[in-house]
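All residue numbers refer to positions in the sequence shown, counting from 1.
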Amino acid sequence: MRSRRVRVGQARGSHLPVLMKLLSMTSGPVLELGCGYNSTPVMHWACFPRSRRLLTVESNPDFFEFANAYIADFHEVRCIPKWEDVDVSEPWSLALVDHSPETARAPLAGRLAHAEYVIVHDTQRQRDGRTPRFPEFKYEWKYTQPRVHTSVLSNVHDLKGFTI
């Protein structure tokens with residue numbers, strides 16, 4: 001792997017409590033849109049014991065190279081040129097939307113309205129001053145404890161009593 005500067009900080013893993021809880025609550029196929037130093041290893045090892053289907057999709061060649069280390073019979077990794085072209089039509093139990101740019105996450109999350117649960121990272125007010133909206137979903141719960149917020153979306157499960 002070629003050497004590059006890695007940005008680290010507390011905000012980088014702020015979605016992990018939500019991700020870990022929902023991985024333990026679900027049993028079907030898992031989709032990761034935008035891999036990361038925190039989410040990809042956690043998702044890989046959570047899916048490993050039962051060979052639970054996991055698909056990681058990435059557009060950044062450096063992150064794609066990182067994710068390739070996790071390829072296994074249950075874990076597929078794909079590199080795509082444009083997020084608009086990614087096929088998300090499978091019946092996902094859990095989908096994590098955490099790709100770049102962050103302003104493109106809400107539209108892609110909307111295409112996952114059929115998934116049991118969708119997690120969207122960085123849903124606090126964006127640099128452009130807007131807060132992401134998800135009108136395609138009946139239920140939304142937001143994890144606001146950390147500075148960087150994470151939303152859980154569903155059309156299947158009422159999230160009224162959801163907690164971390």
Side-chain angles (χ1 to χ4, degrees), residues 12-60 63-64 66-124 131-143 148-164:
R12 293 282 171 203
S14 63
H15 59 307
L16 288 179
V18 174
L19 179 62
M20 291 185 293
K21 178 165 185 169
L22 286 169
L23 281 165
S24 72
M25 289 174 52
T26 58
S27 59
V30 179
L31 174 65
E32 179 185 32
L33 298 174
C35 74
Y37 299 120
N38 291 293
S39 60
T40 303
V42 165
M43 295 172 85
H44 176 88
W45 291 113
C47 292
F48 173 81
R50 293 190 179 95
S51 292
R52 183 176 179 183
R53 176 166 160 61
L54 171 58
L55 171 60
T56 297
V57 181
E58 183 54 66
S59 66
N60 179 311
F63 275 109
F64 175 68
F66 163 77
N68 275 330
Y70 292 93
I71 291 174
D73 60 339
F74 67 94
H75 190 173
E76 181 183 352
V77 178
R78 293 182 193 160
C79 189
I80 57 159
K82 300 186 306 185
W83 287 107
E84 299 82 21
D85 296 338
V86 67
D87 179 8
V88 296
S89 63
E90 288 185 45
W92 303 105
S93 188
L94 177 61
L96 171 64
V97 181
D98 195 19
H99 63 287
S100 292
E102 61 190 28
T103 54
R105 293 179 191 165
L108 190 47
R111 292 175 44 207
L112 286 159
H114 61 283
E116 189 177 350
Y117 291 99
V118 177
I119 300 170
V120 185
H121 194 215
D122 299 304
T123 55
Q124 71 285 348
T131 302
R133 302 278 181 243
F134 306 99
E136 302 85 358
F137 293 90
K138 186 174 179 181
Y139 306 108
E140 179 177 1
W141 180 85
K142 193 177 264 193
Y143 183 49
V148 177
H149 299 173
T150 300
S151 291
V152 177
L153 312 167
S154 183
N155 284 322
V156 178
H157 301 285
D158 187 343
L159 298 167
K160 191 181 215 175
F162 190 82
T163 60
I164 296 297

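Residue Ser154 holds its OG atom at 11.5 Å from CG of Leu112, rounded to the nearest 0.5 Å. Atom OG in Ser100 sits 12.0 Å away from atom CG in Leu33 (nearest 0.5 Å). Within the model, atoms CZ of Arg111 and CG of Asp87 stand 8.0 Å from one another, a figure rounded to the nearest 0.5 Å. Between Leu94 atom CG and Ile119 atom CD1 the span is 4.5 Å, to the nearest 0.5 Å. With rounding to the nearest 0.5 angstrom, the CG atom of Leu153 is 14.5 Å from the NZ atom of Lys138. Between atom OG1 of residue Thr103 and atom CG of residue Asp122 there is a gap of 11.0 Å, rounded to the nearest 0.5 Å.
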Check your understanding: Does the pair Val42 and Leu23 meet the rule for a side-chain contact (heavy atoms from CB on, under 4.5 Å), with working shown?
Key -> CA-CA 10 Å; Val42 165; Leu23 281 165; 4.3 Å; yes
Exercise for review: Apply the test side-chain contact (heavy atoms from CB on, under 4.5 Å) to residues Gln124 and Val148: give CA-CA distance (whole Å), side-chain angles for both, the deciding distance (0.1 Å), then the verdict.
Suggested key: CA-CA 6 Å; Gln124 71 285 348; Val148 177; 3.6 Å; yes
Exercise for review: Determine, stepwise, if the pair Leu54 / Tyr70 fulfils side-chain contact (heavy atoms from CB on, under 4.5 Å).
Suggested key: CA-CA 10 Å; Leu54 171 58; Tyr70 292 93; over 6 Å; no
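For the pair Arg50 (side chain) and Ser27 (backbone), a donor-acceptor distance under 3.5 Å is absent. With hydrogens and angles disregarded, a donor-acceptor distance shorter than 3.5 Å links the side chain of His114 to the backbone of Val88. Of the possible polar contacts, none joining the Glu76 side chain to the Leu55 backbone as a donor-acceptor pair under 3.5 Å is found. In this structure, Thr150 contributes its side chain and His121 its backbone to no donor-acceptor pair below 3.5 Å. Between the side chain of Asn155 and the main chain of Glu136, a donor-acceptor pair closer than 3.5 Å is present.
Here the shortest heavy-atom pairing between Gly34 and Ser39 reads O-OG, 4.4 Å. Heavy atoms only, all atoms of each residue included: Thr56 and Cys35 are closest at CG2-CB, 3.6 Å. The two residues Pro29 and Pro91 come nearest to each other via the heavy atoms CG-O, 3.7 Å. Asn38 approaches Pro41 most closely through the heavy-atom pair O-CD, 3.5 Å.
Side-chain contact between Phe66 and Glu58 is absent, with no heavy-atom pair separated by less than 4.5 Å. Side-chain contact check for Trp83 versus Val57: some heavy-atom pair is nearer than 4.5 Å. Put simply, the side chain of Tyr143 does not reach to within 4.5 Å of the side chain of Val152, judged on heavy atoms. Counting only heavy atoms from C-beta outward, the side chains of Leu96 and His15 approach each other to under 4.5 Å. Inter-residue side-chain proximity for Tyr117 and Tyr139 is flagged as unmet; no heavy-atom pair is nearer than 4.5 Å. Residues Trp92 and Val118 form no side-chain contact, since every pair of their non-hydrogen atoms from C-beta on lies 4.5 Å or further apart. Under the 4.5 Å side-chain criterion, counting only non-hydrogen atoms from C-beta, Glu90 is not in contact with Leu31. In this structure, His99 and Ile80 have side chains that are not in contact, with every pair of non-hydrogen atoms separated by 4.5 Å or more.
Using cut-offs of 30° and 60° on the angle between ring planes, the pair His44 and Phe74 is tilted.
Judged by the 6.0 Å and 45° rule, Lys21 forms a cation-pi pair with Phe162.
With hydrogens and angles left out, the side-chain atoms of Arg52 and Thr26 include a donor and acceptor closer than 3.5 Å.
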